[in-house]
Amino acid sequence: MAYQNLLSEVKDNILYIVINREKALNALNKETLQELADVIAFAEKNEEVRGVILTGAGEKAFVAGADIKEFSNYNGTQGEELARKGQENVFNAIENSSKLFIAAINGFALGGGLELAMACHIRIAADNAKLGLPEVTLGLIPGYGGTQRLTQLVGKGKAIELITTANAISAVEAEKIGLVNYTVPQADLINKAREILDIVKQRAPLAISAAIQAVNASINTDHGFETEIKAFGKCFETDDFKEGVTAFVEKRPAKFSGK
Ligand code: HXC
């Protein structure tokens with residue numbers, strides 16, 4: 001895959017995506033969003049990919065937000081379209097992916113950048129990272145799901161505080177409030193993400209996918225328990241379930257086919 005604004009590589013069943021606009025602190029312009037939509041769809045289709053690590057180029061920024069220069073003249077309709085299209089094709093597509101996405105937050109994660117990290121299933125932050133939703137400093141509010149996902153992750157009180165003050169917080173503070181799973185030195189960031197995916201890679205692919213969908217249903221629908229029951233039942237119809245149980249009885253590691 002050749003992209004203008006992304007680097008991507010599949011290695012040992014992990015898709016590495018680097019947002020590569022370092023001079024603009026990896027801000028999300030239209031082309032980058034389209035390329036992200038394409039690479040997310042690739043990850044979804046490609047059986048070799050068992051998990052995704054998403055990061056930003058350089059050591060300063062994960063993503064400093066939507067590209068402000070691009071939407072400075074937008075009207076209401078264009079603004080709504082920007083948010084809707086981005087949410088559908090990128091942010092929701094990551095959240096609903098059957099592959100586990102880990103955001104490796106290597107610096108500033110602001111506005112659409114933090115929203116991108118929050119759409120991922122797991123977040124790991126480098127100790128120099130700064131996280132925030134500064135949209136109200138521009139006369140805007142978050143539009144890529146930030147008001148919803150921040151509230152889901154840290155609760156209403158902290159979410160309102162962070163959104164209305166526009167204050168950015170440190171990685172350590174973000175870990176304290178549950179916004180990131182781990183804080184690690186910058187040099188260990190990708191290794192920590194890989195360590196998690198190396199474990200997940202050994203698990204049954206269809207069960208991982210079902211688990212993600214069921215957890216998502218707990219916050220995005222009013223029928224989370226029913227979703228879990230149905231998904232649980234479906235797992236019994238997979239080869240992976242038979243293999244998992246057989247491997248347990250035979251006291252050997254399971255070799256899952258994802259079927
Ligand atoms: C476009 C950006 C950018 C952005 C940085 N740059 N953030 N360009 N969009 N979001 C560009 C700068 O213009 C500059 O390029 C270069 O990156 C380096 O940035 P500096 O500001 O010179 O760096 P520094 O002084 O170190 O400050 C870093 C920073 C600051 C604190 C991260 O850049 C910043 O505040 N950026 C904006 C953050 C923000 O408000 N994000 C939310 C956007 S709204 P030039 O060529 O000028 O030197 C959003 C809405 C999402 O995300 C929802 C949409 C539906």
Side-chain angles (χ1 to χ4, degrees), residues 17 19 26-28 32-33 36-37 40 43-44 51-56 61-66 79-80 82-125 129-138 140-171 173-183 193 196 211-224 227:
I17 305 172
I19 299 173
N26 304 317
L28 300 174
T32 307
L33 283 164
L36 275 171
I40 294 159
E44 193 57 31
V52 181
I53 297 174
L54 178 59
T55 193
F62 172 69
V63 168
E80 197 177 314
L82 178 80
R84 191 181 306 283
K85 222 174 134 195
Q87 287 198 20
E88 283 173 6
N89 299 340
V90 177
F91 297 74
N92 296 354
I94 290 175
E95 182 171 66
N96 296 323
S97 174
S98 59
K99 314 293 169 84
L100 196 79
F101 274 69
I102 300 184
I105 304 170
N106 55 310
F108 287 112
L110 300 176
L114 179 55
E115 292 175 297
L116 188 64
M118 291 194 294
C120 293
H121 305 111
I122 291 175
R123 281 153 296 285
I124 303 170
K130 286 262 185 279
L131 302 89
L133 293 175
E135 283 88 344
V136 295
T137 66
L138 300 167
L140 296 171
I141 65 163
Y144 286 142
T147 61
Q148 306 305 296
R149 291 195 179 97
L150 187 63
T151 308
Q152 291 160 359
L153 284 165
V154 306
K156 183 175 166 185
K158 261 296 173 199
I160 293 260
E161 180 189 335
L162 288 173
I163 293 167
T164 58
T165 62
N167 285 343
I169 57 172
S170 68
E173 178 68 12
E175 186 181 340
K176 208 159 71 188
I177 64 173
L179 182 53
V180 302
N181 298 52
Y182 300 99
T183 304
I196 295 173
I212 292 171
Q213 306 321 319
V215 171
N216 284 349
S218 75
I219 38 181
N220 296 335
T221 72
D222 61 0
H223 48 268
T227 301

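None of these values were measured; they are calculated from a predicted model.
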Any [X] side-chain heavy atom under 4.5 Å of [Y] side chain:
| X | Y | answer |
| --- | --- | --- |
| F101 | I40 | yes |
| N89 | L33 | no |
| I19 | L36 | yes |
| N220 | Q152 | yes |
| V52 | I94 | no |
| I177 | L153 | no |

Listed partners of [X] passing salt bridge (charged side-chain N to carboxylate O under 4.0 Å, His left out), at least two apart:
| X | value |
| --- | --- |
| E80 | R84 |
| E95 | R149 |
| E88 | none |

Rounded distance (nearest 0.5 Å) linking atom [atom1] of [X] with atom [atom2] of [Y]:
| X | Y | atom1 | atom2 | result |
| --- | --- | --- | --- | --- |
| L114 | L133 | CG | CG | 4.5 Å |
| I196 | I124 | CD1 | CD1 | 4.0 Å |
| F62 | L116 | CZ | CG | 4.5 Å |
| N167 | I169 | CG | CD1 | 9.5 Å |

Which pairs, with at least one residue in residues 97-109 and sequence neighbours excluded, count as a salt bridge (Lys or Arg N to Asp or Glu O under 4.0 Å)? none

Quick one: which residue pairs count as a salt bridge (Lys or Arg N to Asp or Glu O under 4.0 Å) with a foot in residues 111-124, not counting sequence neighbours?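 Matches after skipping sequence neighbours: none remain.
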
Flag, side chain of Q87 to backbone of G143, donor-acceptor distance under 3.5 Å: yes

Does N26 use its side chain to pair, donor to acceptor, with the backbone of A61 at less than 3.5 Å?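 Flag set: sc N26 to bb A61 pair under 3.5 Å.
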
With sequence neighbours excluded, what pairs up with [X] under the side-chain contact (heavy atoms from CB on, under 4.5 Å) test?
| X | value |
| --- | --- |
| I53 | I14, Y16, A104, I190, A193, R194, L197 |
| A171 | A125, A129, T183 |
| A217 | T221, T227 |
| L110 | F108, P134, A168 |

Tell me, with the steps shown, if M118 and L179 meet side-chain contact (heavy atoms from CB on, under 4.5 Å). CA-CA 8 Å; M118 291 194 294; L179 182 53; 3.9 Å; yes

Hey, can you pull the donor-acceptor pairs under 3.5 Å for the side chains in residues 156-164, sequence neighbours left out?
{"from": "K158", "atom 1": "NZ", "to": "E161", "atom 2": "OE1", "distance (Å)": "3.3"}
{"from": "T164", "atom 1": "OG1", "to": "I160", "atom 2": "O", "distance (Å)": "2.7"}

Can you name the nearest heavy-atom pair linking I105 to A117, along with the distance?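 Scanning both residues completely, I find the closest heavy atoms to be CD1-CB, 3.8 Å.
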
Closest heavy-atom pair, A166 versus T137, reported as atoms and distance to 0.1 Å, is CB-CG2, 3.6 Å

Determine the interplanar angle of the F91 and Y144 rings, folded into 0 to 90°, and report it as parallel if under 30°, tilted if 30 to 60°, perpendicular if over 60°. parallel

For K85, what residues pass the side-chain hydrogen bond (donor to acceptor under 3.5 Å, both in side chains) criterion, not counting sequence neighbours? none

Excluding sequence neighbours, so at least two apart, what forms side-chain hydrogen bond (donor to acceptor under 3.5 Å, both in side chains) with E44? S97, S98

